[in-house]
Amino acid sequence: MARVTLSSPVTSIAGIGPAAADKLARLDITTVYDLISFLPFRYNDWSNISNVYEACEGDEISFACVVMTSPNTNIRSKARPTTFYVGDGYKRILLTFFNSPYITRKFAVGDECFVHGKVTIFSGRLQLVNPYIEKKSKVNSDELVKPVYHLTEGLKPNFLPKWIKTALELCGDQLVNVIPQEIMLKEGFSDPATAYYNVHFPKSLEESEKARRQIAYEELILLGIGMKLAAQGQTEGEIAERVIPSGSDSLSESVKTRWKGIISHLGFKLTEDQIKAVREIQADLQKSTPMNRLVQGDVGSGKTAVAILTMAMTALMGKQSVLLAPTSVLAKQHYDTAVKLLDGSGINVVLLLGKTKSTVKSEIKEQLEDGQASVIIGTHALLTDDIRFKDLALVIADEQHRFGVKQREKLLIKHDDVTGVNSVHNLVMTATPIPRTLALVLYGDMATSIIRQKPKGRQKITTWFVPSKDSADIQDIIRSKLEAGEQAYVVCAKIDDEQLDPNSVTRYSDIPDSGITSIFQMKEKLDKTGITSQYRTEVLYGSMNEQQKLSVMERFISGEIKILVSTTVIEVGVDNPNANVMVIMDADRFGLSTLHQLRGRIGRGSSKAFCVLVSESRSELALTRMKMMCESDDGFELASKDLELRGPGDFFGTRQHGIPQLRAANLYTDMSLAQEACDAVNRVFDKGGEEASSLKTAINTLYELRFAHKMEAM
Ligand code: ADP
Ligand code: MG
């Protein structure tokens with residue numbers, strides 16, 4: 001018989017025939033390796049049992065008990081429930097099994113059993129519906145923790161552990177280790193075969209947790225490094241300008257002085273994460289390989305400041321950089337910020353929009369061409385063919401998802417026959433909380449800088465839910481902020497009777513389009529309360545002309561306009577620290593990511609910020625999402641909860657397709673683990689030698705088994 005290897009088809013395992021193989025394929029298990037790395041999603045833990053006495057509704061409990069009444073099937077009821085009581089000497093609990101008449105034959109009064117299930121209340125009694133139950137006599141005393149796997153129809157629960165055990169016995173010793181020695185020692189990890197054995201057949205939950213952690217490391221290394229190794233060679237040949245000369249102390253005294261001047265002039269202290277991001281970017285700019293970096297940070301974390309500082313450094317080195325914004329409102333705002341932050345630095349900042357007057361435009365174009373302008377901010381207008389730069393070295397794109405990749409490439413492609421430079425450095429900023437591991441897949445082989453800390457002095461935003469549009473709370477909160485000299489946002493999901501906000505979706509909500517409050521209706525509503533005659537109120541929406549939009553924004557930021565009634569056009573980047581209350585009407589119409597982005601507009605000043613979510617939807621999904629928004633203002637946390645909802649998640653939308661499913665690692669919570677794992681591997685690679693080459697081989701091997709053959713189908 002041929003030797004069974006990790007890449008052998010599952011049918012090489014005794015007991016798996018073609019029919020079972022088909023079913024396994026539905027779980028994405030085709031090889032022996034797939035089988036071994038198919039992890040339990042939870043365990044029934046009878047090594048650590050609770051007692052029924054303490055059970056409360058909603059608890060998931062494991063306990064040992066005795067059957068107290070004979071199982072009885074009610075054949076008159078359609079779902080044919082079989083019920084009986086079990087007890088643990090303190091209290092009894094009803095077990096109910098639907099459509100499982102065989103239970104009556106299997107269990108009798110006096111049988112000792114292990115049960116695992118979730119406690120519900122039915123007619124005032126505690127009950128478990130379709131719990132996991134096993135006779136104590138059938139459970140091995142050293143197998144008290146039972147793995148539970150996601151199954152597909154027709155696969156018996158007992159088969160999978162049996163096959164996995166066989167697979168591990170046959171091929172466990174072929175599993176290679178991809179985790180650097182340093183981490184193995186620090187974490188006290190075992191050899192891979194033991195880790196896989198322990199994750200499937202642990203003696204305790206702690207043992208399984210440790211094994212899972214080891215496998216998470218393995219998985220993250222495969223994704224983070226394996227893909228890089230596989231992609232190596234693809235970007236070879238791209239050469240960018242070294243913006244900063246390499247060497248540890250490469251900056252001239254005058255540049256250092258000017259740089260220090262800029263930093264001390266900011267008006268705030270950079271957060272540690274911002275400093276780290278700036279350093280990482282500067283290290284990239286010392287190389288002639290093009291930078292390809294993602295700066296990721298929640299709304300308001302200070303990414304724009306990092307971008308502007310990067311542009312300033314580039315300017316100090318005598319080179320040009322471009323910051324692309326998705327809208328003119330945002331471009332203007334970045335421009336204002338850059339002018340403010342770089343005031344007195346002698347750096348020339350210019351703004352170029354589609355609407356810029358042609359005389360001004362040609363003047364700016366000249367400045368781009370002769371190199372007078374070094375920090376260039378703008379929109380698509382910068383991507384036209386007739387724009388030429390003297391020495392463009394860096395392109396920063398804000399909120400990349402709003403740009404077509406093709407458009408950006410226009411700026412990236414450049415060629416200088418003398419120096420061989422054929423690319424610019426590339427930096428992307430995003431507020432979408434994409435875990436590094438996921439970013440690798442979504443953005444290709446990009447390095448990531450993460451800004452997690454919020455600038456000091458930021459207040460937590462208090463969010464609450466108002467279930468009725470007629471609630472007086474809505475005006476009360478707006479009024480109290482206005483009386484304090486502050487400003488307010490009111491966001492609606494509809495522009496007028498005809499047009500919905502493009503971000504408005506029905507998938508979370510049970511309110512029809514006709515029931516949505518438009519910005520004009522909202523304005524009228526506010527008019528009736530008298531609030532708008534006292535405080536200047538204007539509307540803002542995407543299809544207004546650019547000039548009008550900019551004017552409204554400017555007057556809102558300057559404080560002339562007190563209440564801004566708008567659609568989600570304000571979602572991206574608008575920055576007015578004096579506006580600290582936001583009312584979102586029909587909040588159920590927006591995805592969590594949109595709500596979070598919107599809310600990020602407030603809480604930028606020192607005063608307490610309030611976000612009011614108004615929704616008359618009573619759909620469970622809508623209410624759950626409102627609750628999540630009220631409980632957290634951390635984008636990463638919201639995204640990970642969104643992932644858990646498993647409903648129509650909106651942080652990634654349809655892009656979630658084609659992303660390889662991870663088995664042990666959690667894309668969100670294990671972010672720092674991913675970083676640590678990849679850093680450790682890279683350190684080994686840098687050192688070279690035997691460990692480096694064996695790790696490289698191991699990573700290539702497992703990457704092939706784990707991802708490569710699956711990616712091709714994507
Ligand atoms: P993001 O682009 O991540 O949403 P911004 O860079 O626009 O965030 O920063 C939001 C606001 O916070 C801006 O007004 C900016 O000037 C300010 N800011 C940025 N960094 C800091 C800091 N370290 N301390 C205080 N304020 C900061
Ligand atoms: Mg921003």
Side-chain angles (χ1 to χ4, degrees), residues 262-281 293-313 323-327 329-343 345 349 375 377 396-402 427-434 448-461 486-487 489 553-554 556-559 568-580 582 593-607 609 611 633-636 638-639:
I262 291 169
I263 299 291
S264 63
H265 189 81
L266 286 175
F268 50 74
K269 212 168 155 270
L270 291 170
T271 63
E272 275 170 38
D273 283 352
Q274 282 175 314
I275 293 171
K276 187 159 177 262
V278 169
R279 292 224 173 104
E280 286 167 344
I281 292 166
R293 182 171 288 276
L294 183 69
V295 175
Q296 197 185 1
D298 211 346
V299 271
S301 62
K303 296 180 295 296
T304 310
V306 168
I308 290 170
L309 285 174
T310 302
M311 297 177 89
M313 176 52 83
L323 173 57
L324 285 172
T327 65
V329 168
L330 195 56
K332 173 71 168 63
Q333 190 159 339
H334 286 336
Y335 171 76
D336 291 340
T337 309
V339 168
K340 195 177 90 196
L341 294 183
L342 304 182
D343 179 39
S345 67
V349 185
V375 169
I377 297 171
I396 303 179
D398 189 9
E399 309 290 350
Q400 187 208 28
H401 56 285
R402 295 181 184 231
L427 188 68
V428 174
M429 298 191 287
T430 179
T432 309
I434 307 157
T448 310
S449 297
I450 301 159
I451 307 182
R452 272 214 88 144
Q453 297 163 315
K454 294 255 159 91
K456 260 222 177 81
R458 288 284 157 81
Q459 301 239 15
K460 220 176 151 61
I461 301 169
E486 295 178 21
Q487 294 160 278
Y489 292 101
M553 276 317 304
E554 260 165 32
F556 183 62
I557 288 167
S558 74
T568 55
V569 282
I570 55 145
E571 179 194 345
V572 179
V574 172
D575 192 5
N576 180 358
N578 191 46
N580 273 314
M582 175 177 286
S593 60
T594 304
L595 290 172
H596 181 64
Q597 290 274 340
L598 282 169
R599 185 172 55 179
R601 301 303 112 221
I602 58 172
R604 294 177 160 237
S606 48
S607 146
C611 177
D633 68 353
D634 178 332
F636 285 88
L638 282 170

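Side-chain atoms are counted along with the backbone in the values below, which use heavy atoms only and exclude waters and symmetry mates. Both counts, for ligands and for their atoms, begin at 1 and track the order of listing.
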**Request:** For side chain to side chain contact (heavy atoms under 4.5 Å, CB included), just list the numbers for Val306 and Leu427, CA-CA rounded to whole Å, side-chain angles, deciding distance to a tenth of an Å, and then say yes or no.
**Result:** CA-CA 11 Å; Val306 168; Leu427 188 68; 5.6 Å; no
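Checked for salt-bridge contact, Asp633 and Lys460 meet the test: a charged N lies under 4.0 Å from a carboxylate O. Taking a cutoff of 4.0 Å between a charged side-chain nitrogen and a carboxylate oxygen, Lys340 and Asp336 do not qualify as a salt bridge.
Note: an N/O pair closer than 3.5 Å links Thr304 and ligand 1 by distance alone. Not a single N or O atom of Phe268, backbone or side chain, sits closer than 3.5 Å to an N or O atom of ligand 1.
Residue contacts with ligand 1 leave out Gly297, since none of its heavy atoms falls under 4.0 Å from the ligand. Contact analysis puts Asp298 in contact with ligand 1, with a non-hydrogen atom separation below 4.0 angstrom.
Nearest heavy-atom pair across His334 and Ile377 is O-CD1, 3.8 Å. Contact record, Ser607 with Glu486: OG-OE2, 2.7 Å, taken as the closest heavy-atom pair.
In summary, the atoms of ligand 1 found under 4.0 Å from a heavy atom of Pro455, numbered by their order in the structure, are 21 (C), 22 (C), 24 (N), 25 (C), 26 (N), 27 (C). Those atoms of ligand 1 that come under 4.0 Å of a heavy atom in Lys303, given as number and element, are 1 (P), 2 (O), 3 (O), 4 (O), 6 (O), 8 (O). Within ligand 1, the atoms closer than 4.0 Å to a non-hydrogen atom of Gly302 are 1 (P), 3 (O), 5 (P), 6 (O), 8 (O), 9 (O), 19 (C), numbered from 1 in the order shown. Close contacts of ligand 1 with Thr271, meaning ligand atoms under 4.0 Å from a residue heavy atom, involve 23 (N). For ligand 1, the atoms sitting less than 4.0 Å from at least one non-hydrogen atom of Lys269 are 22 (C), 23 (N), 24 (N), numbered in the order shown with element in parentheses.
The part of Leu270 lying near ligand 1 is the backbone, judged by heavy-atom distances below 4.0 Å. Residue-level proximity to ligand 1 for Met429 is absent, since no heavy atom of it falls below 4.0 angstrom. If you look at Val306 next to ligand 1, there are no close heavy atoms at all, none under 4.0 Å.
Of the residues Thr448, Leu294, Val295, the one that meets the side-chain contact (heavy atoms from CB on, under 4.5 Å) test with Thr430 is Leu294.
The main-chain N or O of Glu272 is found under 3.5 Å from a side-chain atom of Gln453 such that the two form a donor-acceptor pair. Put simply, the side chain of Gln274 gets close to the backbone of Gly302: a donor and an acceptor are under 3.5 Å apart.
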